[in-house]
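Here is the structure we will look at, set down as structure tokens.
Note that the structure is a prediction, hence the values are computed from the model and not measured.
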Amino acid sequence: MAGYEYVSPEQLAGFDKYKYSAVDTNPLSLYVMHPFWNTVVKIFPTWLAPNLITFSGFLLVVFNFLLMAYFDPDFYASAPGHKHVPDWVWIVVGILNFIAYTLDGVDGKQARRTNSSTPLGELFDHGLDSWSCVYFVVTVYSIFGRGSSGVSVFVLYLLLWVVLFSFILSHWEKYNTGILFLPWGYDVSQVTISIVYIVTAVVGVEAWYEPFLFNFLYRDLFTTMIIGCALCVTLPMSLLNFFRSYKNNTLKHNSVYEAMVPFFSPCLLFVLSTAWILQSPSDILELHPRVFYFMVGTAFANITCQLIVCQMSSTRCPTLNWLLAPLFLVVMVVNVGVTSYVESIFLFTLTTAFTLAHIHYGVRVVKQLSSHFQIYPFSLRKPNSDCLGMEEKNIGL
């Protein structure tokens, strides 16, 4: 398993023919953020590899997740009568979130600036973005938390899925149309949440207890914005782009079945994880919400990464992801009946296995593409084939 190659020869050949094609129509991105990023990218030295910028931004998102997990492990810190997250933490999280968002915006500009754009860079960027979804949503949850003034853990679970499906929708579009239509919601949400973190430090979490308008609470606004953006912006625009491609006869997959294959695994993941929650004898989501969210988000990231590999290499998306097999077995066992302790062990074991499997997948794919394109993933230095092959053997991955 250590040297398993996830990218097939057919996919490697597809990567050789790949040409980046994306459309960004978001006014905030076009007229505000891109000019800002064009200025910021000039700060970076030309020897700095774009993938290092991408990875640094991802690590900041992970750090925010871990920092909030320390101060708000069970999502009760923002509830009345509980010890609140210190104000300085909100400021740090807000600043780091915006920096991570900025780094995600300038990595591609750095690649073009240094003439080092590769399919690996795009895959690396979008692959980490798919995993960042769960870190981002769960960290935001701490603003409201659970309890009388917050959002229930099950509602947050559903909101997490709204975000996950919104993310994969863009890559489903590209899988079928060959064009990545960048979603409007991403830029708006990143800028808004960064500001909300800072505002929380200034006014305190108690400010979010008050009604926003009449009896409409801020938590309701939070929920409405996520669902509204998905249903009124992301989904209609995706369907419109798909329909335009159909009318222009440019769809890459002619049958409805083949066009919908990328949704099979995420939908089954949703069904299985929801069945576990509803059948859980110990109410596992109430008991370990953060771990459960992370397990679902990591499995989703692996599914999405495989889709991105397929849409970039113009190959068929796998019908089902193998990570769903152990999840299915766990759900079946839980349905029979287990103790709270055993169910918790199942969750932590599955989460650990999913995390290790996804990291292994990512490392191996990066190694394969680095060797194929004769590049170092985190350096602009150009190796020769013998050196890169030797390096991969020495690392033993």
Open item on the list: Run the ring pair (Phe, Tyr, Trp, His ring centres under 6.0 Å) test against Trp184 and tell me which residues pass, sequence neighbours left out.
Closed with: none
- [ ] Quick one: list whatever passes side-chain hydrogen bond (donor to acceptor under 3.5 Å, both in side chains) with Thr223, sequence neighbours left out.
- [x] none
- [ ] Sequence neighbours left out, what passes salt bridge (Lys or Arg N to Asp or Glu O under 4.0 Å) with Lys109? Give chain and number order.
- [x] none
Task: Set of side-chain hydrogen bond (donor to acceptor under 3.5 Å, both in side chains) partners for Glu258, sequence neighbours left out - done: Arg316
TODO: Could you list all the side chain to side chain donor-acceptor pair (under 3.5 Å) pairs where at least one residue sits in residues 188-199, not counting sequence neighbours?
DONE: Asn97-Gln190, Asn97-Ser194
Task: Co-members of Ile179 in a cluster of I, L, V, M, F, W and Y side chains, linked at under 4.5 Å - done: Val23, Phe181
Open item on the list: Enumerate the ring-ring contact (aromatic ring centres under 6.0 Å, His included) contacts for residues 216-243, please, sequence neighbours excluded, ordered by first and then second residue.
Closed with: Phe144-Phe222, Trp172-Phe242, Trp208-Tyr218, Phe212-Tyr218
- [ ] Report yes if the distance between the aromatic ring centroids of Trp276 and Phe292 is under 6.0 Å, otherwise no.
- [x] yes
- [ ] Identify, with sequence neighbours excluded, every residue that meets side-chain hydrogen bond (donor to acceptor under 3.5 Å, both in side chains) alongside Asn26.
- [x] Asp187
- [ ] Tell me, please, which residues at least two apart from Thr355 pass side-chain hydrogen bond (donor to acceptor under 3.5 Å, both in side chains).
- [x] none
- [ ] For Phe136, enumerate each residue passing the ring pair (Phe, Tyr, Trp, His ring centres under 6.0 Å) test, keeping only those at least two apart in sequence or located in another chain.
- [x] none
Open item on the list: Applying ring-ring contact (aromatic ring centres under 6.0 Å, His included) as the test, list every pair that has at least one member in residues 333-355; sequence neighbours left out.
Closed with: His288-Phe348
Task: salt bridge (charged side-chain N to carboxylate O under 4.0 Å, His left out): pairs with one or both residues in residues 274-292, sequence neighbours excluded - done: Arg146-Glu286
